[in-house]
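As structure tokens, the structure follows; a few thoughts come after it.
As the structure is a computational prediction, the values presented were derived from the model and not from experiment. Along the sequence shown, the residues carry numbers beginning at 1.
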Amino acid sequence: MKKEKIKIFIIISVIVAILATIGVIGFFQYRKITLEKYNTDIREQLTNLSHLENEVYFNPDYKKDISDIESESKIAFENKQLSKLSEVRNQATDLYDKISAEIDKYNKYYTLLTETVENSNNLKKNYFSKTYDTSKLDTTKDKAEKAISESEYTQYEELYNTLSEQNTILETNIQKSLSEIYNKVTDEENFDFPFAVKEAEIPAQLSFKPLVKQTESYPTWVTSRDSEVLNEPPVACLFIGGSSAEYNYTIKQIPTKEIAVQDENRELQKVLVNTQITFKVLEKFSWENKVSLNERPAYFFKDKKDQIYLALKDYEGGEYYILYLPGQ
């Protein structure tokens, strides 16, 4: 019985010894595999980091950090320092994530800043920008354009924020100015003639009647027709009291001019105009007593609903204009 126990004990001891040996071998094998894996991971991250170094927005200051990771990982692997290698692997991953995030941010702000500079340039073309001091916006825009040109990417975010604020202020000022006029801007990119009505948009055959009724001193109908001969321009008539002399007329764009007009409620509104029409009486009708009034410059403009108006200066001595709409 005692021999049996000894035999069992020996067997168990052998088994334990075998298992322990297997365990030790397995541990060292696992450690070796893990070391290889960590080292491979670090090599891959170093390759990824080297790709980032080719990016425009890579910060050269990170080159030392990358070099440190490379040398520390090499030493840790050679000395089989698993915990140190794990630490370096985490550092490599964190550094890659950090640099990638920064590059993404700089790319984002490059796009935003470029768009904001373009917006500034468009706002500066607006007629109403001249009524606002844009010196700070101009200075910031110049800095932004320089930063973009020279890839000074660390400045992108701050310049974007500052220039965006300046754009918002200018845009608010423009919108306020627009709200104070009766008409609309017809060409936002035309700084010289932003309120122009294109001649092609004006009916070839004029036919305009008063927006609201006026006294017998005013034209009740402004119309035109082709000349009766081929080599003569069209003629216009401004009917007052049922009759009218005949006039040649010319339409041209002039520098922006402010006039006051009488609206549908007979209240005066501010209008900015560029499109002028001038009537010139035919010599055979020069005797008509309304010629001097009819030959004063008149103007076309569009209201905010895109309706075309003809504005004739008041016929009873007022310094404002009476509105006429296209009619039959």
Side-chain angles (χ1 to χ4, degrees), residues 127 181-211 214 217-263 269-328:
Y127 171 81
I181 63 173
Y182 187 70
N183 59 316
K184 67 177 287 188
V185 173
T186 56
D187 190 347
E188 292 183 353
E189 296 187 0
N190 190 336
F191 190 83
D192 294 323
F193 308 117
F195 308 99
V197 178
K198 295 177 182 177
E199 195 164 349
E201 297 178 290
I202 300 169
Q205 301 295 317
L206 301 180
S207 181
F208 285 82
K209 294 187 177 181
L211 174 64
Q214 304 294 334
S217 302
Y218 299 81
T220 55
W221 189 23
V222 179
T223 185
S224 70
R225 61 172 174 77
D226 288 335
S227 173
E228 294 177 356
V229 294
L230 289 175
N231 60 340
E232 293 292 334
V235 295
C237 297
L238 292 85
F239 287 94
I240 301 175
S243 65
S244 174
E246 293 184 350
Y247 297 79
N248 291 139
Y249 62 92
T250 57
I251 298 172
K252 66 177 183 178
Q253 306 301 337
I254 62 168
T256 302
K257 176 179 179 178
E258 179 181 329
I259 63 173
V261 303
Q262 186 186 76
D263 69 10
Q269 303 286 349
K270 181 168 79 172
V271 168
L272 297 173
V273 295
N274 289 123
T275 307
Q276 176 181 282
I277 180 170
T278 305
F279 300 98
K280 181 66 178 176
V281 72
L282 300 184
E283 187 175 346
K284 62 184 177 180
F285 291 100
S286 58
W287 51 264
E288 188 186 62
N289 60 4
K290 294 291 186 178
V291 168
S292 61
L293 296 177
N294 289 338
E295 287 188 336
R296 296 173 299 177
Y299 305 97
F300 290 106
F301 68 88
K302 287 185 177 183
D303 70 4
K304 291 182 171 67
K305 296 180 180 179
D306 212 39
Q307 173 66 61
I308 293 179
Y309 288 85
L310 170 65
L312 301 178
K313 194 163 187 182
D314 184 67
Y315 278 71
E316 293 182 346
E319 290 300 315
Y320 53 88
Y321 287 73
I322 304 302
L323 295 182
Y324 287 72
L325 280 173
Q328 299 300 320

Side chain of [X], backbone of [Y]: donor and acceptor closer than 3.5 Å?
X      : Y      : value
Glu288 : Ala245 : yes
Glu295 : Val281 : yes
Ser217 : Tyr315 : no
Thr223 : Leu206 : yes
Tyr218 : Ile322 : no
Thr186 : Ala196 : yes

*Quick check: are there more than 12 heavy atoms from other residues, nucleotides or ligands sitting under 6.0 Å from NZ of Lys252?*
no
*Please indicate whether Gln307 has more than 12 foreign heavy atoms, meaning atoms of other residues, nucleotides or ligands, lying under 6.0 Å from its CD.*
yes
Between atom [atom1] of [X] and atom [atom2] of [Y], what is the distance when rounded to the nearest 0.5 Å?
X      : Y      : atom1 : atom2 : value
Tyr249 : Leu238 : OH    : CG    : 11.0 Å
Thr220 : Phe239 : OG1   : CZ    : 8.0 Å
Tyr299 : Ile277 : OH    : CD1   : 11.5 Å
Tyr321 : Leu312 : OH    : CG    : 9.5 Å
Asp263 : Asp303 : CG    : CG    : 11.0 Å
Glu246 : Phe285 : CD    : CZ    : 4.0 Å

Check [X] against [Y] and note the closest heavy-atom contact, atom names and distance.
X      : Y      : result
Asp192 : Thr256 : O-OG1, 3.8 Å
Ala298 : Ala311 : CB-O, 3.2 Å
Pro210 : Pro219 : CG-O, 3.7 Å

Is any side-chain heavy atom of [X] closer than 4.5 Å to a side-chain heavy atom of [Y]?
X      : Y      : result
Asn274 : Pro194 : yes
Pro234 : Arg225 : no
Asn248 : Val235 : yes
Glu319 : Lys313 : yes

*Check Tyr309, Phe300, Tyr324 against Phe208 for a ring-ring contact (aromatic ring centres under 6.0 Å, His included) and give me the one that passes.*
Phe300
*asked:* Run the side chain to side chain contact (heavy atoms under 4.5 Å, CB included) test on Lys304 and Ile181 for me, step by step, so that the C-alpha distance in whole Å, both residues' side-chain angles and the decisive distance to 0.1 Å come before the verdict.
replied: CA-CA 9 Å; Lys304 291 182 171 67; Ile181 63 173; 4.1 Å; yes
*For the pair Val185 and Tyr127, evaluate side chain to side chain contact (heavy atoms under 4.5 Å, CB included) and give the outcome as yes or no after the intermediate values.*
CA-CA 9 Å; Val185 173; Tyr127 171 81; 6.0 Å; no
_Partner of Phe195 by side chain to side chain contact (heavy atoms under 4.5 Å, CB included), out of Asp187, Val273, Asn183_ = Asn183
*For the side-chain hydrogen bond (donor to acceptor under 3.5 Å, both in side chains) test, which of Gln253, Lys198, Lys302 pairs with Thr275?*
Gln253
*Applying side chain to side chain contact (heavy atoms under 4.5 Å, CB included), run through Gln205 and Asp226 and close with a yes or a no.*
CA-CA 8 Å; Gln205 301 295 317; Asp226 288 335; 3.4 Å; yes
*Tyr182 vs Phe301 aromatic rings, parallel, tilted or perpendicular, using cut-offs 30° and 60°?*
perpendicular
_Could you go through Tyr247 and Asn294, starting from their C-alpha distance and side-chain angles, then the distance that decides it, and tell me whether this counts as side chain to side chain donor-acceptor pair (under 3.5 Å)?_
CA-CA 9 Å; Tyr247 297 79; Asn294 289 338; 2.9 Å; yes
*Begin with the C-alpha distance, continue with both residues' side-chain angles, and end with the deciding distance and a verdict on side chain to side chain contact (heavy atoms under 4.5 Å, CB included) for Lys257 and Gln276.*
CA-CA 10 Å; Lys257 176 179 179 178; Gln276 176 181 282; 5.8 Å; no
